[in-house]
Amino acid sequence: MPGLPSSVVVKCHLFITTVLLSVFVFSPYALCAQGVYGLEFAGKKIAQELRTSLNLFPDKPLTVKDNLDLSFDLSFAPGYDSYFGYIFRITNEQGQNTDLIYSNQTQSINLVSGDEYTGILFKFPPSEVAGKWYHLQFTFNQQTRITTLRINGQVAGMAALPASLGKQLHIIFGANHYKYSNTYDLPTMRLRDVQIAQGGKTQYHWALRQHDGDRDIDLINHSIAEIEHPVWLAKAYSEWTTRQKITANGNAGLTFDKEKGILYITASDSIYQFTCNGNKLTALPLAQPRKLASGNVTEYDSKRHQLMNYFVDDQQVAWYDDTQRTWSKTAEGNKITGFWQHNHFYSSYDSSLYVFGGYGHYHYTAEIQKYSTTDDQWKTVVAKGDKFAPRYMAALGATDNGDSAYILGGHGSATGDQLLNPENFYDLLLFDVKRHTFKKIFTLDKPDVPMAFGNSMVVDTKEHAYYALAYANDRMESSLQLIKGSLDKPGYIKLGNEIPYQFYDIKSTASLYYYAKGQELIAVSLYTTDNNTTEIKINTILFPPALLMPDEDEGERNYQYLLWGIVILTTLLTGILLRRKKQEQVAPVSRIYHLPEPPKIAPAFRILELPAPVEKKKAAVYLLGQFTVIDKERNDVSKLFSPLVKELFLLIFLHSSFGRKGISSEKINEILWTGRSVKDAKNNRSVNMVKLKNILEKLGDYSLAKENGKWKLSFDEEVYVDIRHCHQLILRNNIPQLVQVCGRGGLLMETDYSWLDKFKSDLSTELLNIFTRHLDEHAEQLAPEELIQTCDSMLHFDSLCEEAVMYKCRALVAMHQHATARSLFRNFKNEYEEIYGEPFEKDYMAVMVND
């Protein structure tokens, strides 16, 4: 970009943040991580000493001088049979208690004063409440003793308390350890936005937006509430929790009963059952041990409610008798399959097991086999429609009724021969059970790192989305990354943190399941060791999963509370902004975790370093390649940009660059807060502007201001901005340095907004024209390494740039890397044909001729 004034940079930061928030809130592909918050209380099925407690006034009681309002948002965690227990207990100076209790028998909440029911009772069926939020407000009139309960703003009950509420109150939610009023029975509930008001004026607000920690600070008076054994929803929705680690004997199999939420692990001597609800693991020893062959697979028949175990090579199926704890057939444990990592699913639509692809004996297969449970017969399916290439390490997810299944990606080759151009696939195919046909939906863009997928994925037909586990299959120490994509068009986002994954294609596998009643995803990885045991790791994350929230320190949390206080108490905006400079605090942010960077495979080429001007400057903003921001202390502060702040920043910054004159508040609201009221959008914009400015101050001098009705952002020259440097190099016609700067990648390569496409297109067109002209005029004078470096920079902006591919192939041949040159051209031709639907007009020899 051209040289950017500091006001432009600030606006861009604001823009990115704003856009990202709108994307997460309104896009069907993503979830607003900032909207996922609250405190879950560990209750039933958890040891009493480990149950959750929230003490609002741990040091000294609340002094009541007027009518008191206690309000909060309440939900029940889904998947539990019982929700009996104390929601809150209020204890006054005389030791008298006022309790809100949930009754399983009446399925209602009851307000109790001392030993008497007050008459305030409201039906609260778990089927309606679990997983949903309700706003409860209790108004205690100190003069008349009349208490009113409102739910979602509507009066739900009114009664007179038999005794006074009191003047000095301890208010505790969940488990209670205060003096002699101990209670340990509590529902597995969720709580957020606890507020206390007196005389109609709000005095305390604990938002419970934490990601970690054992206390929460209210947004108004900074009063500290103490929490024992917290389960923070922001973390539970954005980070995987390890639930169990199991070592099983033999080549263990895995399957899932999605109705009961039970994972079955079939070992040679036992059947393990992991019940998601309650984290219960049981091991049932077999009456007769069964030595399992390498590559055996376990599946669950949802009609018979029975486990089956099969070895596809022999087309043998054994059924498990849970009363006798025996299998119907023995197994030959010395066999090794030729169908490693094939895909499979049981279809209740036609009561059949379907098996797709696999690998063995240096060969990938596209074979499709069907086993009918009704007649115990195996058949080979001849599929029609689009091609299903030979593969393994793909992901499969079936629809609920089993009438179709989606298959994503995999590793294989067009011919099935492992020696002939093996590659990773990134296509999404739909298999129709009734017609036995394949339909290709789309192909994902190839990632920088080769990516394969866990065997089982989750298909959400209501959202037209899929969830899958992706991992880099070019290394043993890999990691599983949860992704969410559309069933209709390419593209995906990464959710949650990465799970360490030991990858060895014939020894390891991973699967993803969804337990609807518990509203959680379950990721299971299996690794068979050399001593014939299987290591199983079970991880869960709440559904729908959110973007990863990094750990926060206390200062970050305090600042978050101040920012939310701005939204709620707009009249205190000026005071909070003034305090901001004294408190070195930053708002918690969301970030997307990515698969590891690929290893360098061409040691003969120069490794691109950061442009020289950066070494003379402390702060820097990189928009080419991966979004990176360095502060004036040379710290990477990219993680401080929450998704919304990042998009707000980019929105303002880019509209202040390339000769543009800025962006209006109305346009920002339209992009980031579609459908919100003008007042709501303005409040959101103001809050996120404050967040952005707080980050930008760490970089140095900048200008973020409204000029002629439009927001503009620019940085001082002391702050290095790569697109500004890029523009300067273009004006100076300094192509060698321009190549180096662009070597980091295209404009915001890992960022995707609809409004961003034009910026990417304009910059790509300009740079490709410059580089192509340079190569046409100076290719003969350039060393092969310089040619390759220039071509690589071009390919960052257009992976199908013909000129870049041709010059790079010639340079590789000049370096005697003939095989690499041919492989490059072959991959280019395949991708060209796949995207444009027609063959590339030139062959390899024609490309090598220097016209």
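Just so you know, residue 1 is the first one in the sequence shown, and it goes up from there. Atom set for the values below is all heavy atoms of this structure, side chains included, hydrogens, waters and symmetry mates excluded. Keep in mind it's a predicted model, so treat the numbers as computed, not measured.
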**Report entry** Matching residue for Tyr359 among Gln418, Gln341, His342 - test: side chain to side chain donor-acceptor pair (under 3.5 Å)
**Finding:** Gln418

Query raised in the report: Taking the side chain as C-beta and beyond, is there a heavy-atom pair between Lys829 and Pro839 under 4.5 Å?
Result: no

Query raised in the report: Under a 4.5 Å cut-off applied to non-hydrogen side-chain atoms, are Asp792 and Ile788 in contact?
Result: yes

Query raised in the report: So do the side chains of Gln728 and Asn734 get within less than 4.5 Å of each other, counting heavy atoms only?
Result: no

Query raised in the report: Would you say the side-chain atoms of Thr534 pair up with the backbone N or O of Ala252, donor to acceptor, closer than 3.5 Å?
Result: yes

Pair up each side-chain donor or acceptor in residues 767-777 with any protein partner under 3.5 Å, not counting sequence neighbours, and list the distances.
residue	atom	partner	partner atom	Å
Asn769	ND2	Thr765	O	3.1
Thr772	OG1	Leu768	O	2.7
Asp776	OD1	Tyr807	OH	2.7

Query raised in the report: Any donor-acceptor pair under 3.5 Å linking the side chain of His796 with the backbone of Gly743?
Result: yes

Requested in this report: Measure from the side-chain N and O atoms of Asn497 to the backbone N and O of Trp240, and report whether any donor-acceptor pair falls under 3.5 Å.
Outcome: yes

Query raised in the report: Mind checking whether Tyr720 and Tyr622 have parallel, tilted or perpendicular rings, split at 30° and 60°?
Result: tilted

Report task. Please name all residues satisfying ring-ring contact (aromatic ring centres under 6.0 Å, His included) with Tyr426, sequence neighbours left out, ordered by chain then number. Result -> none

Query - Carboxylate-amine/guanidinium contact Lys507 Asp530, below 4.0 Å - result: yes

**Report entry** Within residues 414-427 or reaching into it, pairs that qualify as salt bridge (charged side-chain N to carboxylate O under 4.0 Å, His left out) - sequence neighbours excluded
**Finding:** Arg391-Asp427

Query raised in the report: Under 3.5 Å, is there a donor-acceptor pair between the Asn421 and Ser413 side chains?
Result: no

Query - Donor-acceptor contact present, side-chain His464 to main-chain Leu487, <3.5 Å - result: no

Query - Distance flag, aromatic centroids of Tyr392 and Tyr364, threshold under 6.0 Å - result: yes

Report task. Compare all side-chain heavy atoms of Cys809 with those of Val813 and state whether any distance is below 4.5 angstrom. Result -> no

Query raised in the report: Is there side-chain contact between Leu512 and Leu480, with heavy atoms separated by less than 4.5 Å?
Result: no

Query raised in the report: Would you say the side-chain atoms of Ser525 pair up with the backbone N or O of Ala510, donor to acceptor, closer than 3.5 Å?
Result: no

Table please: side-chain donor-acceptor pairs of residues 378-390 below 3.5 Å, with sequence neighbours left out.
residue	atom	partner	partner atom	Å
Trp378	NE1	Gln315	O	2.9
Asp386	OD2	Lys440	N	2.6

Query raised in the report: Around Arg826, counting heavy atoms of other residues, nucleotides and ligands shown, do more than 12 lie under 6.0 Å from its CZ?
Result: yes

Query - Under the ring-ring contact (aromatic ring centres under 6.0 Å, His included) test, residues paired with Phe356 that sit two or more places apart - result: Phe431

Query raised in the report: Under 6.0 Å between ring centres, would you say that holds for Phe503 and Tyr471?
Result: yes

Requested in this report: Indicate yes or no: at least one non-hydrogen side-chain atom of Leu444 is less than 4.5 angstrom from one of Leu408.
Outcome: yes

Report task. Using atom types as modelled and distance alone, determine if a side-chain donor or acceptor of Ser764 lies under 3.5 Å from a backbone N or O of Lys760. Result -> yes

Query - Over all atoms of both residues, closest heavy-atom pair of Ile407 and Ala394 - result: CG2-CB, 4.0 Å

Query raised in the report: Does Ser478 reach the main-chain N or O of Tyr501 with its side chain, forming a donor-acceptor pair under 3.5 Å?
Result: no

Query raised in the report: Is a side-chain N or O of Thr533 found less than 3.5 angstrom from the main chain of Asn531, in a donor-acceptor match?
Result: no

Report task. Flag yes if more than 12 heavy atoms outside Ile835 fall under 6.0 Å of its CD1 atom; otherwise flag no. Result -> yes

Query raised in the report: Between Asn455 and Ser511, is there a donor-acceptor pair closer than 3.5 Å when you use the side chain of the first and the backbone of the second?
Result: no

Report task. List in chain and number order the residues that pass salt bridge (Lys or Arg N to Asp or Glu O under 4.0 Å) with Lys537, two or more places apart in sequence or in another chain; answer none if no residue qualifies. Result -> none

Report summary line: For Phe797 and Cys742, the nearest pair of non-hydrogen atoms, with its separation, is CE1-CB, 3.8 Å

Report task. Kindly determine whether Thr337 and Asp313 satisfy side chain to side chain donor-acceptor pair (under 3.5 Å), including the steps that lead there. Result -> CA-CA 6 Å; Thr337 185; Asp313 304 67; 2.6 Å; yes

Query raised in the report: Arg744 side chain to Gly625 main-chain N or O, any donor-acceptor pair under 3.5 Å?
Result: no

Query raised in the report: Going by heavy atoms in the side chains, are Phe345 and Ser456 under 4.5 Å from each other?
Result: no

Query raised in the report: Can you find a pair of side-chain heavy atoms, one from Asn532 and one from Asn251, that are under 4.5 Å apart?
Result: yes

